[in-house]
Amino acid sequence: MESRRKRTQALKPVSSKVESRKRFKSKRKEEEEAEDYSDLCCEKCGSGQHPADLLLCDECDRGFHLFCLRPVLVAVPKGRWFCPSCSNHKNLPKFPLLQTKIVDFFRIQRCSQSESLSPDSRKKRKRSGGLVMSKKSRKLLPFNPIEDPTRRLEQMASLATALTATGTEFSNELTYVAGMAPRSANCAHLERDGMQVMSKDDAETLNLCKNMMGRGEWPPLMVVFDQLEGFTVEADRHIRDLTIITEYVGDVDFLKNRENDDGDSMMTLLTAANSSKSLVICPDKRSNIARFVNGINNHVPGGKKKQNVKCVRYNVNGECRVLLIANRDIRKGERLYYDYNGYENEYPTEHFV
């Protein structure tokens, strides 16, 4: 999909006129065609209502409501946009299943076999952790990679395919870019209502997951393309409750700089009492598999039942971090969903599948 604007706080809908969406037509031509566009109807529902939500194909000039498209779009896309009939998504090129290319794409460390975390050591870590776990303080679990190296390559290739198709560079960390928010701005103590401090044990588990991925020991997840939901994520093996799925990453920026941004995937990182210090994560240029985990529909009775992942913000060594964590056991083949309205309850999900 990713059919979303800001994961935990929706921005105001774009209010530009229909003719302004023809971004690559000359201003004169737009003015000449403005009257024609006033009678434009959606090819899906046949209605001309909600003109601010009508999107024109840059190839055939037909109109589509953002919410009638499958996958649903929350915002007008950046750059040229083509309707399903004119786009080439049906023949989506797959990333080559070559180890050298995948290793380079994800910048996987080339290490000796002895440096890899063996299954035995992983099992020992789980057993020792389980002995001290209590209901009051439930510890996070590391993901359990599939042992078959060929299948892990297929998992990585599926993510590389999605990232390449969306023009996104792989990153597994928050990034701080010149002209945006500096790392010094990421101060968890500024959180308006306080932020949960990650325990030492959970921080070690998070670092373990990061280190495993750096060695090519990948989470058991596959990214697939669905005609209704777009790119979405499936469990490739059974995943236990409280397992770390991934960290939500991207470029960190001040919310004030993104108020009029038409990006569809921003995530709240810090909600400060002083709104000028609030931060968001912008995964449109750099991201990981978190960008493709879809959201539930908050407006249908069965929407909440689909949720199997929760989004949690943590104070990790004084900095804000966002994790996606399994909130129940997830069976193999089950698609991953979480609630985009975990905090502000303003994200528009009424048109989600």
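For this chain, numbers begin at 1 and follow the sequence in order. None of these values were measured; they are calculated from a predicted model. What you see below is based on every heavy atom in this structure, not just the backbone, and it leaves out hydrogens, waters and symmetry mates.
- Nearest approach of L221 to I239, heavy atoms of both residues: CD2-CD1, 3.8 Å.
- In this structure, M180 belongs to a hydrophobic cluster whose other members, linked by side-chain heavy atoms under 4.5 Å apart, are V177.
- Here the CD1 atom belonging to I244 is positioned 10.5 Å from the CG atom belonging to L324, to the nearest 0.5 angstrom.
- Between L97 and I102 the shortest side-chain heavy-atom distance falls below 4.5 Å.
- Partners of N327 by side chain to side chain contact (heavy atoms under 4.5 Å, CB included), not counting sequence neighbours, listed by chain and number: Q307, N308, K310.
- Residues satisfying the ring pair (Phe, Tyr, Trp, His ring centres under 6.0 Å) test with F105, not counting sequence neighbours, are F95.
- A salt bridge links R237 and E147; the closest N-O separation between the charged side-chain nitrogens and carboxylate oxygens is under 4.0 Å.
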Begin from the C-alpha positions of C311 and V322 and carry the test side chain to side chain contact (heavy atoms under 4.5 Å, CB included) through to its verdict. CA-CA 7 Å; C311 174; V322 181; 3.5 Å; yes
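- Expressed to the nearest 0.5 Å, how far CG of N288 lies from CD1 of I245 amounts to 12.0 Å.
- The salt bridge (charged side-chain N to carboxylate O under 4.0 Å, His left out) contacts involving residues 181-190 comprise R183-E319, where partners must be two or more places apart or lie in separate chains.
- Two residues are said to be in side-chain contact when any heavy atoms from C-beta on lie closer than 4.5 Å; T150 and E154 meet this criterion.
- S158 contributes a side-chain N or O that, together with a main-chain N or O of V223, makes up a donor-acceptor pair within less than 3.5 Å.
- In the hydrophobic clustering of this structure, L174 does not group with M195; members are Ile, Leu, Val, Met, Phe, Trp, Tyr whose side-chain heavy atoms approach within less than 4.5 Å, directly or through other members.
- With F292 as the partner, the ring pair (Phe, Tyr, Trp, His ring centres under 6.0 Å) test is satisfied by one option alone out of F231, F225, Y248, Y338: F231.
- Here the side chains of N186 and C320 are in contact, with some heavy-atom distance below 4.5 Å.
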Going through the checks in order, is the side chain to side chain contact (heavy atoms under 4.5 Å, CB included) test met by L255 and T268? CA-CA 8 Å; L255 175 61; T268 298; over 6 Å; no
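- For E247, the salt bridge (charged side-chain N to carboxylate O under 4.0 Å, His left out) partners two or more places apart in sequence, or in a different chain, are K210, R321.
- Electrostatic pairing of D241 and R328 does not count as a salt bridge here, judged by no charged N lying under 4.0 Å from a carboxylate O.
- Residues that satisfy the side chain to side chain contact (heavy atoms under 4.5 Å, CB included) test with T175, not counting sequence neighbours, are S171, D251, R286.
- L336 and I146 are members of different hydrophobic clusters when ILVMFWY side chains are connected at heavy-atom separations under 4.5 Å.
- Counting non-hydrogen atoms of other residues, nucleotides and ligands closer than 6.0 Å to CD of E234 gives a total above 12.
- Residues forming a salt bridge (charged side-chain N to carboxylate O under 4.0 Å, His left out) with D329 (at least two apart in sequence, or on another chain): none.
- Panel note: side chain H65, backbone Q49; a donor-acceptor pair is recorded below 3.5 Å.
- Shortest non-hydrogen contact noted between K277 and L270 is O-CD2, 3.5 Å.
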Evaluate R335 against V224 for side chain to side chain contact (heavy atoms under 4.5 Å, CB included), listing each step before the verdict. CA-CA 10 Å; R335 291 187 176 177; V224 298; 4.1 Å; yes
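- With sequence neighbours left out, N211 forms a side chain to side chain contact (heavy atoms under 4.5 Å, CB included) with R215.
- Here the closest heavy-atom approach between residue I108 and residue G216 is recorded as CG2-N, 3.6 Å.
- By the side chain to side chain contact (heavy atoms under 4.5 Å, CB included) test, V197 pairs with N315, sequence neighbours left out.
- Looking only at distances, no side-chain donor or acceptor of D202 sits under 3.5 Å from a matching main-chain atom of K139.
- Looking at heavy atoms from C-beta onward, D53 lies in side-chain contact with F67 at the 4.5 angstrom threshold.
- Under the salt bridge (charged side-chain N to carboxylate O under 4.0 Å, His left out) criterion, R152 pairs with no residue, sequence neighbours left out.
- The salt bridge (charged side-chain N to carboxylate O under 4.0 Å, His left out) test applied to D236 returns R151, not counting sequence neighbours.
- Using a 4.5 Å heavy-atom cutoff, the side chains of P220 and F143 are in contact.
- In this structure, the side chain of T205 engages the main chain of D201 through a donor-acceptor pair within 3.5 Å.
- Of all heavy-atom pairs spanning C209 and P142, the tightest one is SG-CA, 3.6 Å.
- In this structure, CZ in F64 is found 9.0 Å from CG in L55, a value given to the nearest 0.5 Å.
- The OG atom of S199 sits 7.0 Å away from the CG atom of L140 when rounded to the nearest 0.5 Å.
- Annotation: ring-ring contact (aromatic ring centres under 6.0 Å, His included) contacts involving residues 193-218, sequence neighbours excluded, comprise F106-W218.
- Here the side chains of S278 and K256 are not in contact, with every heavy-atom distance at 4.5 Å or above.
- You'll find the side chain of R258 reaches within 4.5 Å of the side chain of C282, heavy atoms only.
- The line from CE of M156 to CG of L163 is 13.0 Å long, rounded to the nearest 0.5 Å.
- Residue D148 qualifies as enclosed at atom CG: its count of foreign heavy atoms under 6.0 Å is above 12.
- There is no side-chain donor-acceptor pair under 3.5 Å between D226 and T232.
- Atom CG of D253 and atom OH of Y176 lie 11.5 Å apart (nearest 0.5 Å).
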Between M222 and V233, is the side chain to side chain contact (heavy atoms under 4.5 Å, CB included) condition met? List the steps. CA-CA 6 Å; M222 291 288 288; V233 180; over 6 Å; no
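- When all heavy atoms are compared, the tightest approach of L159 to I289 is CD1-CA, 3.8 Å.
- Counting all heavy atoms, side chain and backbone alike, A235 lies closest to I330 at CB-CG2, 3.9 Å.
- At most 12 heavy atoms of other shown residues, nucleotides or ligands fall within 6.0 angstrom of atom CZ in R331.
- For the pair L323/Y314, a side-chain contact is recorded, criterion being any heavy-atom separation below 4.5 Å from C-beta on.
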